[in-house]
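Taking it in order: structure first as structure tokens, then the write-up.
If you're wondering where the values come from, they're calculated on a predicted model, not measured in any experiment.
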Amino acid sequence: MIRKNDHLPLSRRIANAAGSQECEKVKAIHTYVHARAMNVIEMQTIWSERPDITWGHSTGRMEGWDDVWMGTVTTYDNKCYERYMKIWPQFPDAGGKDPRCFYEVSLHCLTSEVIEVADDGQTATSLFATPGFLYTVLGENGKRYCRIIWERYGTDYVKENGKWVLLHEQVCPDFFIFADNVNAFRGTYLGFKDKENYSYYNHYDPTPFTLREPMHHDHTPIRPAEDTVPAPVPHETLPEQNMGTILPAERRPKRTAPMGY
């Protein structure tokens, strides 16, 4: 049975409805600045200043402000500059331009959102589906490339100084398909046959994760979609078991019923 919010005064219900719109705006800002490879703007404008922030992806989770900054800003900027250093000798016209422009565009649409603002009006939780792709028009070999990636964002927000900001983020890639430069379907097949030795599927992620364990697995023909970040339900305040405390995939109870979407 779904709990209604008619136990809340009208003023709180209106404030929470407005809060859900603000949280949606926060997520839209993330999408825009990430597409421009300007993660420093994201960290400075829409993240909480609390020391217990977290950001997780499929291969681990960063815990605490310093680690999240290192992974989403410092390490990411390093990748941008590495790409630039490989490109400029071939394309001298790159001189004077922002090196981030030569990395990649991370375009994630936001769909099917479910946003729940807690009864206390101070925290919120959301689930977004993010069909999108990563691409660049100028790779290190002078060619274009594109990667199709569909993810889900499980996010906790907190209200600080009257402003909604990110507190915990768990990104769950459901599939990640390279286009143009590899045969994605054959690559998947080879990965199933010889995952240990097939280098494309056995790469090391340099992101400085505090917790380096698989948090989410891609959906494949032999692996069902994982309910790592379920849709939020009405709640009084942010629970102790939140997006920042999700157990690694191998330590979570196995799902026995369909996800329901």
Worksheet item: Between Pro232 and Val114, is any pair of side-chain heavy atoms under 4.5 Å apart?
Response: yes
Worksheet item: Between Lys79 and Glu104, is there a salt bridge with N-O shorter than 4.0 Å?
Response: no
Practice prompt. Tell me yes or no: between the side chains of Tyr103 and Thr136, is some donor less than 3.5 Å from an acceptor?
Written response: no
Worksheet entry | In one Ile/Leu/Val/Met/Phe/Trp/Tyr side-chain cluster, 4.5 Å: Ile41, Tyr157 | yes
Fill in: Passing candidate, side chain to side chain contact (heavy atoms under 4.5 Å, CB included) with Pro208, options Asp66, Thr74, Val68, Thr75
Thr75
Worksheet entry | Whether Asn161 side chain and Lys163 backbone form a donor-acceptor pair below 3.5 Å | no
Worksheet item: Do you know which two heavy atoms are closest between Tyr81 and Pro99, and how far apart they sit?
Response: CE2-CG, 3.4 Å
Worksheet item: Just checking, is any N or O donor in the side chain of Thr228 or Arg252 under 3.5 Å from an acceptor N or O on the other one?
Response: yes
Worksheet item: Rounded to the nearest 0.5 Å, what separation is found between the CD atom of Glu226 and the CG atom of Asp174?
Response: 8.5 Å
Item to complete: Go through the side-chain N and O atoms of His216 and Ser58 and say whether any donor and acceptor fall under 3.5 Å apart.
Response: no
Fill in: Criterion side chain to side chain donor-acceptor pair (under 3.5 Å) on Asn39 and Thr72, from CA distance to verdict
CA-CA 6 Å; Asn39 293 343; Thr72 62; 5.6 Å; no
Worksheet entry | Heavy-atom pair of closest approach, residues Arg100 and Arg36 | CB-O, 4.2 Å
Discussion item. Do Met70 and Val33 land in one hydrophobic cluster if side-chain heavy atoms of ILVMFWY residues count as linked below 4.5 Å?
Written reply: no
Discussion item. Is there a continuous path of hydrophobic side-chain contacts, each under 4.5 Å between heavy atoms, that joins Tyr145 to Tyr76?
Written reply: no
Practice prompt. Verify the neighbour count for atom OH of Tyr32: are there more than 12 heavy atoms of other residues, nucleotides or ligands below 6.0 Å?
Written response: no
Worksheet item: Is it true that a side-chain atom of Arg147 and a backbone atom of Tyr135 form a donor plus acceptor pair closer than 3.5 Å?
Response: no
Worksheet item: Between Glu160 and Ser48, do the side chains contain an N or O donor and an N or O acceptor separated by less than 3.5 Å?
Response: yes
Worksheet item: Can you name the nearest heavy-atom pair linking Ile115 to Cys23, along with the distance?
Response: CG2-CB, 4.3 Å
Worksheet item: Distance only, no hydrogens: is a donor on one side chain within 3.5 Å (strictly under) of an acceptor on the other, for Tyr153 and His30?
Response: yes
Item to complete: Applying side chain to side chain contact (heavy atoms under 4.5 Å, CB included) between Phe128 and each of Arg152, Glu113, His108, report the one that passes.
Response: Glu113
Discussion item. Contact between Ile53 and His168 at the side-chain level, heavy atoms closer than 4.5 Å - yes or no?
Written reply: no
Worksheet entry | Cationic N near anionic O, under 4.0 Å, Arg61 to Glu169 | no
Worksheet item: Minimum heavy-atom separation for Gly95 to Tyr84, with atom names?
Response: CA-OH, 3.5 Å
Practice prompt. Examine distances only and state if a side-chain atom of His57 and a backbone atom of Trp55 form a donor-acceptor pair shorter than 3.5 Å.
Written response: no
Worksheet item: Taking the side chain from Thr123 and the backbone from Leu238, do they hold a donor-acceptor pair closer than 3.5 Å?
Response: yes
Item to complete: Specify the closest pair of heavy atoms between Trp47 and Glu42, including all atoms of both residues, with the distance to one decimal.
Response: NE1-OE2, 2.9 Å
Worksheet item: When rounded to the nearest 0.5 angstrom, what distance separates OG1 in Thr245 from CG in Leu247?
Response: 7.5 Å
Discussion item. Salt bridge check, Asp119 against Arg12: does any charged N sit closer than 4.0 Å to a carboxylate O?
Written reply: no
Practice prompt. First locate atom CD of Glu151, then atom CD1 of Ile149, and finally report the distance between them rounded to the nearest 0.5 Å.
Written response: 3.5 Å
Discussion item. Salt bridge check, Glu22 against Lys159: does any charged N sit closer than 4.0 Å to a carboxylate O?
Written reply: no
Worksheet item: Under 3.5 Å, is there a donor-acceptor pair linking the side chains of Lys27 and Thr155?
Response: yes
Practice prompt. Answer yes or no: is there a donor N or O on one side and an acceptor on the other, between the side chain of Asp156 and the main chain of Leu167, under 3.5 Å?
Written response: no
Practice prompt. May I ask whether Phe209 and Met43 are part of the same hydrophobic cluster, defined by side-chain heavy atoms of I, L, V, M, F, W, Y residues being less than 4.5 angstrom apart, directly or through others?
Written response: yes
Discussion item. Keeping Asn16 on the side-chain end and Ile14 on the backbone end, is there a donor-acceptor pair under 3.5 Å?
Written reply: no
Response to the item:
Here the pair of heavy atoms bringing Asp120 nearest to Thr237 is OD2-OG1, 2.6 Å
Discussion item. Nearest 0.5 angstrom please: Ser20 OG to Lys25 NZ, how far?
Written reply: 13.5 Å
Practice prompt. State, with a plain yes or no, whether a side-chain heavy atom of Arg50 is found less than 4.5 Å away from one of Val158.
Written response: yes
Worksheet item: Is there a path of hydrophobic side-chain contacts, each under 4.5 Å between heavy atoms of I, L, V, M, F, W or Y residues, that connects Trp69 with Leu166?
Response: yes
Practice prompt. Give, for atom CE of Met62 and atom CG of Leu211, the distance between the pair rounded to the nearest 0.5 Å.
Written response: 11.5 Å
Worksheet item: How many angstroms lie between atom CE of Met38 and atom OG1 of Thr45, to the nearest 0.5 angstrom?
Response: 10.5 Å
